[in-house]
Amino acid sequence: MIETLLLTVLIIAIAIALLSVKVLLKKNGSFSSIHIHDSEAMQERGIHCVLDQDREAREKGGSY
């Protein structure tokens, strides 16, 4: 029981350490944005987040 708990905590600690390598080692490091409006690939395809699409539809007068 205790071995399983320690193993679980160790695995979680390793995962957190690996996820934070970029943030810790890079000057002014930060996690990249996961929002659609920040993705160049999505912008090239003309895909917007639902809030932008709703705003555009309301401006055109067809939000239904």
- Message: So which atom in His48 and which in Ile36 form the shortest heavy-atom distance, rounded to 0.1 Å?
- Response: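 Here His48 and Ile36 meet closest at C-CG2, 3.9 Å.
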- Item | Any side-chain heavy-atom pair of Asp52 and Cys49 under 4.5 Å |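 Touching, per the 4.5 Å side-chain cut-off.
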- Item | Check: Ser20 side chain, Ala17 main-chain N or O, donor-acceptor pair, under 3.5 Å |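 Yes: the side chain of Ser20 pairs with the backbone of Ala17.
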Calculate, to the nearest 0.5 Å, the distance between atoms [atom1] and [atom2] belonging to [X] and [Y] respectively.
{"X": "Leu7", "Y": "Ile12", "atom1": "CG", "atom2": "CD1", "result": "10.0 Å"}
{"X": "Glu56", "Y": "Leu51", "atom1": "CD", "atom2": "CG", "result": "11.0 Å"}
{"X": "Arg55", "Y": "Gln53", "atom1": "CZ", "atom2": "CD", "result": "10.5 Å"}

- For Thr4, enumerate each residue passing the side chain to side chain contact (heavy atoms under 4.5 Å, CB included) test, keeping only those at least two apart in sequence or located in another chain.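 Testing Thr4 for side chain to side chain contact (heavy atoms under 4.5 Å, CB included), a comparison that skips the adjacent residues, returns Thr8.
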- Does Leu18 share a hydrophobic cluster with Leu10, counting links as ILVMFWY side-chain heavy atoms below 4.5 Å and allowing steps through other members?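 They do share one cluster, since a chain of ILVMFWY contacts under 4.5 Å joins Leu18 to Leu10.
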